[in-house]
Amino acid sequence: MSKTAIVIGASGLVGGALVDELLAHPAFSRVTCITRQPLALKHDKLHNTVVDFEALDSVAEKFRGDCLFSCLGTTRKQAGSIAAQRRVDLDYQLTAARLAKQLGVSHYLLVSAMGASQHSANAYMKMKGELEEQVTLLGFARTSIFQPSLLTGQRAQKRTMEDLSAPLMGALCKLPPLRKFRPISGAELARAMRQCSLRDGKGLKRYTLQECFPVTE
């Protein structure tokens with residue numbers, strides 16, 4: 001087995017951990033990371049393409065491979081507005097998915113969110129739900145959508161509210177009725193995604209927190 005993985009969002013919490021997972025695993029001979037800024041990481045299997053995400057079509061050939069891991073994301077505060085956040089969390093990811101589908105990628109793996117729904121009154125959950133719906137319609141041979149709760153870990157850009165709420169949520173979610181909302185680390189999610197990409201499967205599958213963690217080899 002020799003796979004080519006494509007990753008967008010490789011500089012983020014989940015994407016960074018995922019790249020480490022993919023590079024360390026012998027099943028992957030090439031890991032293509034498409035980023036807006038160069039990655040500091042160097043590895044024989046790593047191929048980093050730097051591009052303005054407004055011009056993803058200009059590097060379309062880089063989306064040729066076996067699986068696309070879509071880990072891109074931002075916050076309203078970082079983006080500056082809901083419209084700018086939608087550009088990153090919805091438009092860029094959908095463009096990447098379309099390019100990958102056109103070039104024969106068979107497995108699409110997306111980091112979404114618990115509660116994502118295109119009918120949600122919450123702007124963030126709505127855009128996540130819209131993305132899920134639209135990438136599903138692209139018709140990949142296999143689509144795996146991960147819907148975690150709060151993600152924890154060391155981020156390049158601090159998210160103060162998440163950092164403050166994670167310990168409280170972790171304590172509260174030890175109660176049985178709340179366990180499905182427990183925070184999990186970006187590294188745990190990355191491992192689950194890598195493991196999923198190496199298992200057989202077809203069609204659409206959404207993975208909730210309970211189904212993903214812990215995942216055994």
Side-chain angles (χ1 to χ4, degrees), residues 6-10 12-15 18 34 53-54 56 63 67-102 105-153 155 157 159 161-162 165-166 169 173 177-186 188-190 192-193 196-197 201-213 215:
I6 306 148
V7 182
I8 60 170
L13 176 66
V14 177
L18 175 63
I34 300 170
F53 272 50
E54 291 290 336
L56 283 176
F63 286 90
C67 44
L68 170 61
F69 295 88
S70 194
C71 309
L72 196 63
T74 187
T75 64
R76 179 179 178 178
K77 181 178 179 180
Q78 290 168 351
S81 67
I82 287 293
Q85 186 182 11
R86 282 180 64 87
R87 196 81 184 118
V88 175
D89 278 33
L90 177 57
D91 297 342
Y92 292 163
Q93 297 201 77
L94 184 56
T95 296
R98 285 172 174 159
L99 291 171
K101 180 63 171 61
Q102 290 167 6
V105 169
S106 59
H107 191 185
Y108 176 75
L109 301 96
L110 172 67
V111 178
S112 185
M114 179 183 291
S117 170
Q118 62 180 329
H119 304 297
S120 177
N122 178 280
Y124 178 75
M125 294 304 179
K126 180 178 177 64
M127 71 180 75
K128 290 294 187 184
E130 289 175 351
L131 178 61
E132 286 191 15
E133 179 66 18
Q134 292 187 50
V135 296
T136 298
L137 294 175
L138 291 177
F140 284 92
R142 186 179 180 194
T143 300
S144 302
I145 298 175
F146 296 80
Q147 298 177 321
S149 181
L150 180 66
L151 291 166
T152 62
R155 298 180 185 271
Q157 293 179 306
R159 298 185 180 182
M161 290 306 297
E162 291 184 9
S165 62
M169 281 190 65
C173 292
L178 300 178
R179 282 177 185 165
K180 67 179 181 179
F181 301 109
R182 71 190 184 278
I184 51 96
S185 72
E188 285 181 286
L189 178 53
M193 294 178 76
C196 175
S197 72
K202 290 185 179 180
L204 170 66
K205 171 67 175 176
R206 286 182 171 86
Y207 293 88
T208 63
L209 193 66
Q210 305 97 297
E211 293 172 299
C212 288
F213 312 106
V215 176

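Computed from heavy atoms alone, side chains included, the values below leave out hydrogens, waters and symmetry copies.
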Query raised in the report: Phe63 and Val105: side chain to side chain contact (heavy atoms under 4.5 Å, CB included), yes or no, with the steps?
Result: CA-CA 8 Å; Phe63 286 90; Val105 169; 5.7 Å; no
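- Of the possible donor and acceptor atoms, one in the side chain of Glu188 sits under 3.5 Å from a partner among the backbone N and O of Ser185.
- Side chains of Leu110 and Thr143 form no contact here, defined as non-hydrogen atoms less than 4.5 Å apart.
- Between Ala79 and Ala84, the closest heavy-atom pair is O-CB, 3.5 Å.
- Pairs engaging residues 113-124 under the salt bridge (charged side-chain N to carboxylate O under 4.0 Å, His left out) rule: none recorded [sequence neighbours left out].
- Nearest heavy-atom pair, Ile82 versus Ala123, reported as atom, atom and distance to 0.1 Å: CD1-CB, 3.8 Å.
- Screening residues 110-128 for salt bridge (charged side-chain N to carboxylate O under 4.0 Å, His left out) gives Asp89-Lys128, Lys126-Glu130 as the qualifying pairs, with residues at least two apart or on separate chains.
- Residues Ala96 and Ile8 approach most closely at CB-CD1, 3.7 Å, considering heavy atoms.
- Ser112 and Pro148 get closest at one heavy-atom pair: O-CD, 3.7 Å.
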Report task. Determine, stepwise, if the pair Tyr207 / Cys196 fulfils side chain to side chain contact (heavy atoms under 4.5 Å, CB included). Result -> CA-CA 10 Å; Tyr207 293 88; Cys196 175; 3.6 Å; yes
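- Side chain to side chain, His107 and Ser144 meet the donor-acceptor criterion of an N or O pair below 3.5 Å.
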Requested in this report: Start with the C-alpha distance between Arg98 and Leu138, add both sets of side-chain angles, then the distance that settles side chain to side chain contact (heavy atoms under 4.5 Å, CB included), and finish with yes or no.
Outcome: CA-CA 7 Å; Arg98 285 172 174 159; Leu138 291 177; 3.7 Å; yes
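- When only modelled atom types and interatomic distance are considered, Glu132 and Gln147 share a side-chain donor-acceptor pair under 3.5 Å.
- Heavy atoms only, all atoms of each residue included: Ala97 and Phe140 are closest at O-CZ, 3.3 Å.
- Side-chain N/O atoms of Ser70 and Gln93 include a donor and acceptor closer than 3.5 Å.
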Requested in this report: Take Phe53 and Leu72 through the side chain to side chain contact (heavy atoms under 4.5 Å, CB included) test and state the conclusion after the steps.
Outcome: CA-CA 11 Å; Phe53 272 50; Leu72 196 63; 3.8 Å; yes
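- Expressed to the nearest 0.5 Å, how far CG of Leu13 lies from CG of Leu189 amounts to 8.5 Å.
- Counting all heavy atoms, side chain and backbone alike, Gly139 lies closest to Lys101 at O-CE, 3.0 Å.
- Note that the CG atom of Asp91 and the CE atom of Met127 stand 9.5 Å from one another [nearest 0.5 Å].
- The side chain to side chain contact (heavy atoms under 4.5 Å, CB included) with Ile145 is formed by just one residue from the set Leu109, Leu204, Leu131; it is Leu204.
- When the shell of 6.0 Å around CZ of Arg87 is examined, it contains more than 12 heavy atoms from other residues, nucleotides or ligands.
- With no hydrogens or angles considered, a side-chain donor-acceptor pair links Glu54 and Tyr92 at under 3.5 Å.
- Inter-residue side-chain proximity for Ile6 and Phe69 is flagged as unmet; no heavy-atom pair is nearer than 4.5 Å.
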